[in-house]
Amino acid sequence: MLEQQLLNALTLGSVYALFALGFTLVFGVLAVINLSHGAVFMVGSYAALALVTHFDAPLWLAILGAMLISGTIGLLVDVLILKPLRARNAPHLIPMIATIGVGIMLTSAAQGMFGAEVLRFPEETLPAGEFIVGNVHVRALELAIVAIAFILMAVLFTLIKRTQLGRALRAIAESPKAAWLLGINVEGLFHVTSFVAAALGGVAGVLIGLDFNAITPQMGQPILHKGIAVIILGGMGDIRGALIGGLFLGFAEVISKAYLSSQMGDAVAFGLLFLILLVRPSGLFGRKLERKA
Amino acid sequence: MEWFNDFWSTYSTLVFSVGVHALLALSIWLTLSCGLLSLANAAFMGIGAYVSALLTLQLGWSFPAVLLAGGLAPALVALIIGAPVLRLSGVYLAMATLAFGEVVRITVLNLEITGGPEGLNGIPLLTEGWHIALILALTLYGLARLRRSKVGRAFEAIKEDEVAARLMGIDVDRYKLLAFVLGAVIAGVAGALNAHFTFFISPREYGFENAVDIITMAVLGGTANLIGPVLGASIITLLPELLRSLHDFRSFVNGAVLVLVVLFLPKGIWDPRRFRGWLQRVKGGRA
Amino acid sequence: ADIKIGIAEALTGGAAQYGVAISNGFQLAAEEINAKGGINGNKITLVIEDEQGKKEESINVFKKLIFQDKVLMIFGPTLSNSMFAAGPVANAAKTVVFGTSVTANGITDVGPYVFRNSVMESDVLPVTVATATKHYQLKKVAVIYGNDDAFTKSGYDVFKKVLEEQKLPVTTTETYVKGDVDFKAQLTKIKGSNPDAVVCSCLAEEAANIMLQARGLGIKAPFIGGNGFNSPKLFEISKLAGEGTFVGSPWSNTNPAPANQAFVAAYQKKYKAEPNQFAAQAYDALNVAAAALKDIKLSGDIVADREALKNALPKATISGATGPFKFRPAKTRSGQPGGWDADQKPFIYLVKGGKFTLYSSK
Amino acid sequence: MSDPTLLSIRNVGKHFGGLHVLQDVSFEVPAGSIYGLIGPNGAGKTTVFNLVTGLLEPSNGTIEFMGNSLVGLPPQRITHRGIARTFQNIRIFKEMSLLENVMVGMHDHLNYSPAAIFFNTGACRSAEKRARERAFELLSWVGLEHKSDMLADNLSYGDQRKLEFARALATEPKLLLLDEPVAGMNPSEKTILMEEIRNIRDRGYGVFMIEHDMRFVMGLCDRIAVLNFGRIIAEGTPDEVRNNPDVIEAYLGKEDEA
Amino acid sequence: MSVLLRVRDLAVAYGHIEAVKGLTFHLNTGEITALVGANGAGKSTTLLALSGLLKPARGKIEFDGEDITALPAHQIVKRGVVQVAEGRAILTTLTVAENLVLGAYTRTDKAEIAASLDEVYALFPRLKDRADQFAGNLSGGEQQMLAIGRALMAKPKLLLLDEPSMGLAPIMVQEIFRTLVEINRRGLTILLVEQNVRQALKIARHGYVIETGEIVLADSGENLLANPKVEEAYLGG
Ligand SMILES: Nc1ncnc2c1ncn2[C@@H]1O[C@H](COP(=O)(O)OP(=O)(O)OP(=O)(O)O)[C@@H](O)[C@H]1O
Ligand SMILES: Nc1ncnc2c1ncn2[C@@H]1O[C@H](COP(=O)(O)OP(=O)(O)OP(=O)(O)O)[C@@H](O)[C@H]1O
Ligand SMILES: [Mg+2]
Ligand SMILES: [Mg+2]
């Protein structure tokens, strides 16, 4: 059973990581805890579902469409809400509260349009494919999620660490004023980041919607909760951290369910998180500059 | 008079809730004023609620004693976890306190004495309007005094720059612990009051969303002074009630209002500096 | 004059999927009653309020309905938790409150004005488990339930007691929490313990996913479920994964009784969707109240009318979508006069070909 | 006359990982005098201040203040002993008014109890009133009294330095550490500040400062230590230091600009 | 002689308070111009407005014949107006090398950028030693070097310097001023805000003295140095 549980942990961890990637990106660049990310994730799911059921779109097109729609929402939130807040020098918790409002709006809009009950992708659209290796049952979709999480992480990580664009993003994250003075189009990059992060959230929504096949207006809430844990465990805004943090949480949860007690899954995961933070006050990859004066 | 009776029987709970939420918002205001973004206050509220409800139900303690215990129990917990947790800052502190809250919630969920997910029901109605009013008034007065003293200034200084605060001779760790523990006391008492007018408590009421709600109240109202949190708590509590007639659009509009308020009043609703700015403009316009 | 009845259900938030169905059931019943000329010539008007599945909100809604709208009685709220908070308010105001989806123990302890037609798990599960055990020759079972939800947890408590009484060994007991979508860790463990069946105290949506994921992991054992399983959704989602499941419930969309078939058809026509047990129980509940109202003469004095309704309601009986229905007095813990529980015989269904089929032992 | 030693630094070393920032640094700051620490950028001057104020711990060596070791004490205890400092990269409390900034500096000297705060006792009120008056005094000393209600963040750079100076004095230090106090001030303002610092010394305080402005340093300091690459390369009176060829080579440069 | 930057009636306000109250001045191509004044006079405010980081309340800024008053900051940098801001605006979480490379954000030619980098390292060898350190760990003076070096990486047409000598050792100050003269000779136009008034006016062709947001004196550097009013107010008698 251990092999199966390890696989379970890997997929669950990748699910968390996938969700956390966009979340951490916004956090890292805009320094906003975007609590509407869960709702954007949910919108991604519904968007793909609507494309598949109402327009008979093939799955790949539906995924693209979902990215576009959720990305646009992210962009709109940035342009219409976060940008004016930046211009008005809002204190740092204020944007977070605005995103709570956005989350509420998106959730109730989704309920208005699609109803409160659980919706599913039609069976024929689900990528089939399941194989059994030894004692372990593997589904193609799960493998896809794991692979996509790793690939996206690698791409984003290289982008941020090695390219001029990445350096510019890090510059913005530290000081928008300094970035402007370097000739960086700070607002433009904020918009791009918001779009990309929300699009990533949207993809995560589609994939996870496909895998667990339960789409509801509330589906973003529990994962948002975990997502926050993941990005902070990984270290604020750190792309590698999102993956490692996600995997960590996935493994902690699955292993404690498997070998301790399923009642304790979350308690063990959060308890460990608590302890890790005490040992590493800035998360796994976070670092604090030591210089004081 | 009859009108008032009708009004009171319909809305007394709502008014009570405003009071309790104001206490909660003040509790987080206190920790925020020291620069601590703590998400533990919902859990502290829960501890206060459970301890007090159990004392009432099982041991039949008197209400004042129960309230006192409801404040002290979370304070004790805050004291214990404070030392390690308060070494963290910013979102990391938020996360650690959130994790702590989760552990508390799951513990309550799995204990026999707390009734697990089914919670505790049949809690007698002991809270009266004047209890809440009195405690709120005392809290407001106490915090107002604190703010104007060296303690309040020390909190502010710590919020802005811990290193510089240390070099002013402020024992940063002790003051942070003080803010954290006092916040826990206020939240715990709020929880105890709440438990004794809603007949029922369950672990679900003290989770992440509630922690965020509490922060929203304080920040939306404005954290520059004590009026903000009270105002924020009132608005967040009353808004859904005011929007009730919108039916299906209620929560959408509720969200939209939140966004708009924040957008147009980014420093919170009660922002003395903006008011001063207006005043100056009016004066300047005349001059 | 119109008869004003309050409906307090969770129309938004996490419990909305139940609250909305329930509110649909009430509206359908009210329409039908009014179309037939109302009750003794009086039309029913529903005052529908959203209690969001939150306790304070429920109290506020109850107070508004009782003191401001001055409704004759209240249906709701959706969750047991909310009933524990709001029930005492109605009881203290001497107003009947009638729950259709509140199954937790102790609800009717609140007082004599509290009624419910939600069938309690303790009435259903013993028969279900016994029937399944006999049918499958079960030697040992695994259990899974949601442990942060009053509904699924109290269902589990009953299951546990029943399994002990029927001396059926449990290989492992697993839990999940609300909002979980990944059950593979628990199911892998269940698979390792090799049970003959999986006993599941879950809501339909979660149950469907549990079944799907169980089959994906190669678990072949059949499922045994309670009240929560009872939704056509279960098979819309799980398709054939739910084959062989035993469910005990007062209602099923395939129950051929004419009252039920009429309900199912009317619901489909009005809402373009399949009804579920929540809608059926709400539909029946309003008809029960209507039956009681027929027998009383409304004076226009709200206090007297509410009292009259409280006295008449226990005697009301109907034969509705959930079959023959009557009340029985609740046994309370404290010995105080309590409210009224449903006295209804559950049916046992076996799932065949993705449909509930009434089980009859060969 | 021989002044007693206020601060004594002996054989102090400090490294960050493999980077040795200070090595075997020793000197003494006497009471009632102005002591200067100069040296090229990155020589380790600010690091010395960080060690003295407890923000960093020395890797080896001892630091004593009036005969008691400071090593291992947290910053607030060191402030308590009577050492205050200003920062090279100004660290004022930006969201507080100037007056509040200075009053924070008096924290240690306001000894009223929590109960006194709650009941607003006479003792508490008069202590606060005195503190307020003293803060005003300090602000007018640096010429900022007319801005006392302004937010510190809205001050220009030079004014922020002055505020920091007033705040440090508010802690009533026996030894004042100034890290480049006149950076960003113009020559006439420097002259005024020079007078003020002399005043402070004449009242018996010790002043220990880092500064790159040679007119200022040479005109003001009684003794000067020169740090280069983490080592003391010269120590003595301004004249001795000014003419030391090593110092000229490493720090002052050939042509004397001033 | 051509005018590179022309400022007309520039006013900048913080909230309701005007910190700069209608400055009119110009910079000639290829010259060093100094802007001096007491603390709080409005020098930094002026520079920030020129860079587009503060939006003027009124007035007009023309660069190279183009009206740049309303342009966003990054567009202004792109046109070649680069600032070394007060307080340095170093990116502390990036390494020294990354800070420098980002300085060339608006440039694309890899080879030329590499050449510029070598020049900067030649100018400030200390930075080369510290290339892979986080800039936040640098000493104050090292950060100042980094800020100047980073601005040079942009290959500006107009360099705005806000107190470049602040926090630098005397030997380094001389070095910086020598460098400024040198890069100016190569054609770079410089606007210099300095508290080191004497040296600034020595190397500046023109100088403006500003007091509480207004220009009170404008003359050649030489004349200003000799002006008794300047002598008294800014040179310390
Ligand atoms: N926390 C740290 N980690 C790594 N290196 C550090 C740290 N703090 C200081 N340094 C290094 O130590 C050296 C000395 O720094 P310090 O700030 O003491 O110099 P300084 O003499 O004050 O220089 P300046 O006159 O430029 O302010 C510098 O090279 C700096 O890079
Ligand atoms: N963010 C701000 N908000 C409000 N007022 C400000 C702000 N920044 C500066 N000021 C005010 O504007 C005026 C000009 O400030 P500025 O920083 O331009 O002066 P400066 O000439 O650069 O002075 P210094 O030599 O001290 O750097 C000052 O009176 C200052 O108090
Ligand atoms: Mg230094
Ligand atoms: Mg300036």
Side-chain angles (χ1 to χ4, degrees), chain A residues 27 33 35 77 80-81 84-109 111-112 221-222 224-225 228-229 231-233 235-236 261 263-278 280-283 286 288 292-293, chain B residues 32 37 39 81 84-85 87-107 109-110 162-164 166-167 207-209 212-213 215-220 222-224 232 248-268:
Chain A
F27 190 27
I33 301 179
L35 292 182
V77 168
L80 297 180
I81 299 169
L85 286 180
R86 286 193 291 270
R88 281 164 217 182
N89 261 329
H92 75 290
L93 283 177
I94 283 284
M96 178 182 96
I97 296 202
T99 59
I100 295 176
V102 173
I104 296 176
M105 289 166 74
L106 290 176
T107 308
S108 56
Q111 186 179 332
Q221 270 310 315
L224 179 70
H225 198 162
I228 295 176
I231 66 173
I232 287 172
L233 177 64
M236 162 150 177
S261 143
Q263 309 206 358
M264 286 297 143
D266 280 355
V268 169
F270 280 103
L272 273 176
L273 178 72
F274 186 79
L275 293 179
I276 288 179
L277 281 179
L278 295 189
R280 289 201 53 104
S282 305
K288 258 207 176 115
K292 300 239 168 83
Chain B
L32 281 176
L37 178 53
L39 290 172
I81 66 160
V85 164
R87 295 187 314 136
L88 304 173
S89 58
V91 287
Y92 298 100
L93 175 66
M95 191 60 233
T97 48
L98 171 62
F100 159 76
E102 275 301 286
V103 173
V104 168
R105 193 179 63 83
I106 295 167
T107 310
L109 206 52
N110 288 298
E162 267 183 42
V163 171
R166 280 214 158 83
L167 286 163
F208 170 65
E209 263 119 76
V212 173
D213 275 353
I215 290 195
T216 305
M217 291 175 200
V219 176
L220 188 83
T223 48
D248 288 353
F249 296 101
R250 175 159 80 137
S251 67
F252 187 85
V253 175
N254 202 348
V257 170
L258 204 59
V259 172
L260 291 177
V261 168
V262 164
L263 205 52
F264 290 102
L265 305 169
K267 301 258 155 74

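Model, not experiment: these values are computed from the prediction. So that the names make sense, note that chain A is the first sequence line, chain B the second, and so on, each numbered from 1.
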Answer with side chain, backbone, both or neither: which region of L80(A) has an atom nearer than 4.5 Å to a non-hydrogen atom of chain B?
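Backbone only.
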For this session: Select one option (side chain, backbone, both, neither) describing which atoms of Q111(A) are under 4.5 Å from chain B's heavy atoms.
Result: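 It is neither, since no heavy atom gets under 4.5 Å.
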Pick one of side chain, backbone, both or neither for [X], based on which atoms fall under 4.5 Å of a heavy atom in chain A.
X       : answer
L93(B)  : neither
V85(B)  : both
I215(B) : both
F249(B) : neither
L98(B)  : side chain
V219(B) : both

Q.
Heavy-atom pairs under 4.5 Å with chain A: which of A164(B), G268(B), A99(B) has the most?
A.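 Of the options given, most contacts go to A99(B).
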What option among [options] has the most heavy-atom pairs under 4.5 Å with chain B?
options                            : result
L224(A), I97(A), L35(A), I81(A)    : I97(A)
V102(A), L93(A), I33(A)            : L93(A)
L278(A), L273(A), I100(A), T107(A) : L278(A)
I104(A), I276(A), L272(A)          : I104(A)
G103(A), A229(A), A269(A), P84(A)  : A229(A)

Identify the two heavy atoms, one from [X] and one from [Y], that lie closest to each other, and give their separation to 0.1 Å.
X       : Y       : result
A98(A)  : V262(B) : CB-CG1, 3.8 Å
F264(B) : R88(A)  : CA-NH1, 3.8 Å
V103(B) : A267(A) : CG2-O, 4.1 Å

Who passes ring pair (Phe, Tyr, Trp, His ring centres under 6.0 Å) against F208(B), sequence neighbours left out?
->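 Partners of F208(B) by the ring pair (Phe, Tyr, Trp, His ring centres under 6.0 Å) criterion, ordered by chain and then number, come out as H225(A).
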>> Going by the rule ring pair (Phe, Tyr, Trp, His ring centres under 6.0 Å), which residues pair with F27(A) if we only count those two or more places apart in sequence or in a different chain?
In response: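 Listed in chain order: nothing, the list is empty.
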R280(A) side chain vs L233(A) backbone, donor-acceptor pair below 3.5 Å: no
Open item on the list: Taking I106(B)'s backbone N and O only, do any of them form a donor-acceptor pair with N110(B)'s side chain (distance below 3.5 Å, no angle check)?
Closed with: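 Yes; at least one donor-acceptor contact below 3.5 Å.
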Taken to the nearest 0.5 Å, the spacing of L265(B) CG from L260(B) CG works out to 10.0 Å
One should read off an interatomic distance between T97(B) OG1 and Y92(B) OH, to the nearest 0.5 angstrom, of 14.0 Å
